Amino acid sequence: MVISVNLLEGKKVATSLDETMTKRVQVLKEKGVTPGLAVILVGDNSASAVYVRNKKRRAEKLGIDFQLIHFDTTVTEKELLSKINELNNDPAIDGFIVQLPVPDHIDEDKVIEAISPAKDVDGFTPISVGNLWIGTPLTKPATASGILMMLDYYNVDLDGKNVVIVGRSNIVGKPTAALMLNRNATVTITHSHTKNLKEITSKADVLVVAIGQAKFIKKDYVKDQAIVIDVGMDRDENGKLCGDVDFDDVKDHVSMITPVPGGVGPMTITALVDQVIELAEGRANG
Ligand code: GUN
């Protein structure tokens with residue numbers, strides 16, 4: 001008997017959650033509140049342009065007001081900070097993000113710190129990060145939050161599970177660890193300096209991989225019947241889109257796995273728009 005692998009299909013989950021979110025936006029509009037999301041994009045990084053286009057498409061599909069502020073790569077730090085200050089005080093904007101990376105002449109930390117935590121739908125400001133680790137987040141980083149929304153959809157209970165995260169970025173690894181810890185998982189974060197990585201990952205009930213290296217995780221890194229979340233968006237030797245996990249090598253060995261594309265990616269945007277709608281609901285309810 002051939003047992004087919006259980007896919008964690010973020011694309012399908014996102015489409016299903018879109019229905020509920022569209023209704024929430026309608027309710028808000030009936031109360032005279034339209035959720036507003038702004039994205040600041042600096043320069044012409046092609047990956048960023050694609051991410052921003054996808055965010056715009058999904059936001060507009062749900063009825064959210066989307067504002068793109070696109071600066072030339074020569075914009076000064078002062079001009080950028082002034083725009084952030086303007087958005088912090090714009091009552092029509094519930095949340096905004098500055099798409100990263102920003103050019104080298106701009107201090108990324110300074111930019112993030114200038115964002116009001118109340119509108120920080122990326123969850124990147126030091127105050128947002130502190131609240132997340134305390135366990136009382138106002139906003140949550142979208143990729144991490146999207147992973148949790150997907151696991152909830154598939155009724156995966158994290159309580160007491162052994163979770164191993166490969167990658168310690170502020171955007172994915174660390175916030176995913178915090179959210180899973182808040183769900184009573186036992187969490188280990190591994191990274192490029194970790195010794196005996198394979199020994200650690202092969203004990204994981206849930207393995208989250210976010211390292212940006214095509215097909216790095218093979219079958220011998222993965223415990224039998226583990227749940228594998230692949231955050232990678234890489235190109236293989238033939239230029240084909242793939243993840244950080246070698247899907248074909250591990251697929252018959254795991255209980256659930258995210259495909260790339262169509263896994264974590266669409267959930268990231270779902271989590272972002274969900275957050276904007278939630279902040280707008282807070283505004284509507286005064
Ligand atoms: N660049 C890559 N991922 C992200 C993200 O989640 N938010 C922002 N602002 N920039 C990114």
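Keep in mind it's a predicted model, so treat the numbers as computed, not measured. Counting starts at 1 for both ligands and their atoms, following the listed order. Because only heavy atoms are used, hydrogens play no part in the values below, and waters and symmetry mates are left out as well, while side chains stay in.
Looking at Lys219 and Asp249, no side-chain N of the basic residue comes within less than 4.0 Å of a carboxylate O on the acidic one, giving no salt bridge. For Lys83 and Glu86, the salt-bridge test passes: some basic side-chain N is under 4.0 Å from an acidic carboxylate O. Between Arg58 and Asp18 there is a salt bridge, with a side-chain nitrogen of the basic residue lying less than 4.0 Å from a carboxylate oxygen of the acidic one.
Residue Ile171 places no N or O, backbone or side chain, under 3.5 Å from any N or O of ligand 1.
A 6.0 Å sphere centred on NZ of Lys110 holds no more than 12 heavy atoms belonging to other residues, nucleotides or ligands.
Applying the 4.0 Å criterion to heavy atoms of Phe124 picks out, from ligand 1, the atoms 7 (N), 8 (C), 9 (N). When each atom of ligand 1 is checked for a heavy atom of Leu100 under 4.0 Å away, the hits are 1 (N), 8 (C), 9 (N), 10 (N), 11 (C).
Closest approach of Ala226 and Val254 over heavy atoms only: O-CB, 3.3 Å.
At the top of the distance list for atom 11 (C) of ligand 1, counting protein heavy atoms only, stands Gln99 NE2, 3.4 Å.
In this structure, of Asn45, Val98, Asp122, Ile269, the residue bringing a heavy atom nearest to atom 5 (C) of ligand 1 is Asp122.
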